[in-house]
Amino acid sequence: MVAEELQRLKQRENAVILAHYYVDGQVQAMADYVGDSYYLAKIAAQSDKQTIVFCGVRFMGESAKILNPSRRVLLPDAQADCPMAHMARAEDIRRLRAQIPNLAVVCYINSTAALKAESDVCVTSSNALKIVSALPNKDILFIPDDNLGHYIAARLPEKRFHYLGGHCPVHSVVLAQDVESEKLAHPAAKVLTHPECRGEVRALSDFVGSTSEIISFAEKSDAKEFILCTEPGVLYELSLRCAGKKFYPVTPLCLDMKLVTPEKVLACLNGGGFEVKMGEDEMSAARRPLERMLELAK
Ligand code: 13P
Ligand code: SF4
């Protein structure tokens with residue numbers, strides 16, 4: 001019944017539904033496309049539907065609008081915002097640009113449009129290594145996630161990284177001792193970790209990658225048990241793709257992602273929701289680093 005109503009409304013509104021792996025499983029089940037930030041940004045950029053319902057946090061809806069500005073982009077909950085997206089200041093970026101010659105400002109897609117506008121290129125957790133290694137600059141200011149920046153920096157010793165001190169409040173609360181106690185309880189389990197986690201957690205891991213990379217690793221692995229250091233929303237896709245395997249999440253829920261509910265998705269298609277609206281200048285300044293990301297990540 002809900003499925004029929006959903007189809008009817010999607011057709012009426014000429015809409016596509018995109019969902020990040022961290023939203024509730026019931027919301028993921030309603031979506032036409034489910035994936036990590038990079039995959040969803042590409043899908044949004046190419047969508048020919050008039051309306052994009054983005055089941056995720058605000059920066060995802062904003063990136064969709066910036067990349068495909070003639071579409072109507074709707075967020076099911078206006079309050080769903082990523083705290084880390086705000087963890088850098090334009091004046092600090094400008095100060096460092098003035099101090100360090102040939103500085104490349106690399107901006108995680110988990111950021112406001114204003115921060116993107118100050119940046120040379122955007123990245124996501126699945127393409128950051130490829131993109132930063134392709135940049136000719138030695139000095140890299142990586143904003144706003146220090147943990148992802150440190151993870152990339154360790155793989156690119158020829159570059160010099162600078163940071164402004166941001167972190168994901170969900171992934172960064174996981175400590176080495178949390179992983180160690182899960183390992184004691186499940187000694188055969190492989191540890192799968194998102195790069196937004198602390199270095200001490202990444203150091204205990206068998207695999208570090210984006211949400212979609214973690215899911216693919218678990219699917220292909222011969223192991224039967226996994227300790228999950230990423231937001232537990234991935235359990236929905238893992239249950240579809242990894243029958244018989246066991247997962248032990250140690251990361252808390254991202255409460256912003258969990259604000260998106262099936263009812264709010266339906267309401268979006270029925271005159272509700274929150275339409276992403278941005279000024280032309282704001283969008284065009286933030287579009288350049290986003291498009292550069294899509295180009296360099298190919
Ligand atoms: P990915 O989708 O790149 O794995 O990033 C996770 C995340 O925190 C999104 O907010
Ligand atoms: Fe932001 Fe962390 Fe939630 Fe991702 S998991 S949306 S980075 S707070």
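Keep in mind the model is a prediction, meaning the values are calculated, not measured. Just so you know, residue 1 is the first one in the sequence shown, and it goes up from there. Note that ligands are numbered from 1 as they come in the structure, with each ligand's atoms numbered from 1 the same way.
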Which pairs of donor and acceptor atoms, one on a side chain in residues 291-298, lie under 3.5 Å apart (sequence neighbours left out)?
unit_1 : atom_1 : unit_2 : atom_2 : d
Arg292 : NH1    : Asp120 : O      : 3.4
Glu295 : OE1    : Lys298 : NZ     : 3.1

Do [X] and [Y] sit within salt-bridge range, that is, some charged N less than 4.0 Å from a carboxylate O?
X      : Y      : result
Glu219 : Arg241 : yes
Glu4   : Arg8   : no
Lys10  : Asp32  : yes

Identify which protein N/O/S atoms are less than 2.8 Å from atom 1 (Fe) of ligand 2.
Cys82 SG
Quick check on Glu200: does its CD atom have over 12 non-hydrogen neighbours (other residues, nucleotides or ligands) under 6.0 Å away?
yes
Under the ring pair (Phe, Tyr, Trp, His ring centres under 6.0 Å) test, residues paired with Tyr248 that sit two or more places apart
His186
Residue shell for ligand 1, any heavy atom closer than 4.0 Å, reads His20, Tyr22, Asp36, Ser37, Phe59, Met60, Tyr108, Asn110, Ser125, His194, Glu196, Ser210, Thr211, Met257
For Cys229 against Val179, the heavy-atom pair lying closest together:
SG-CG2, 3.8 Å
Cation-pi check for Tyr38 against Lys42: NZ or CZ below 6.0 Å from the six-membered ring centre and within 45 degrees of the axis, yes or no?
yes
Distance check, rounded to the nearest 0.5 Å: Leu141 atom CG versus Arg95 atom CZ?
9.5 Å
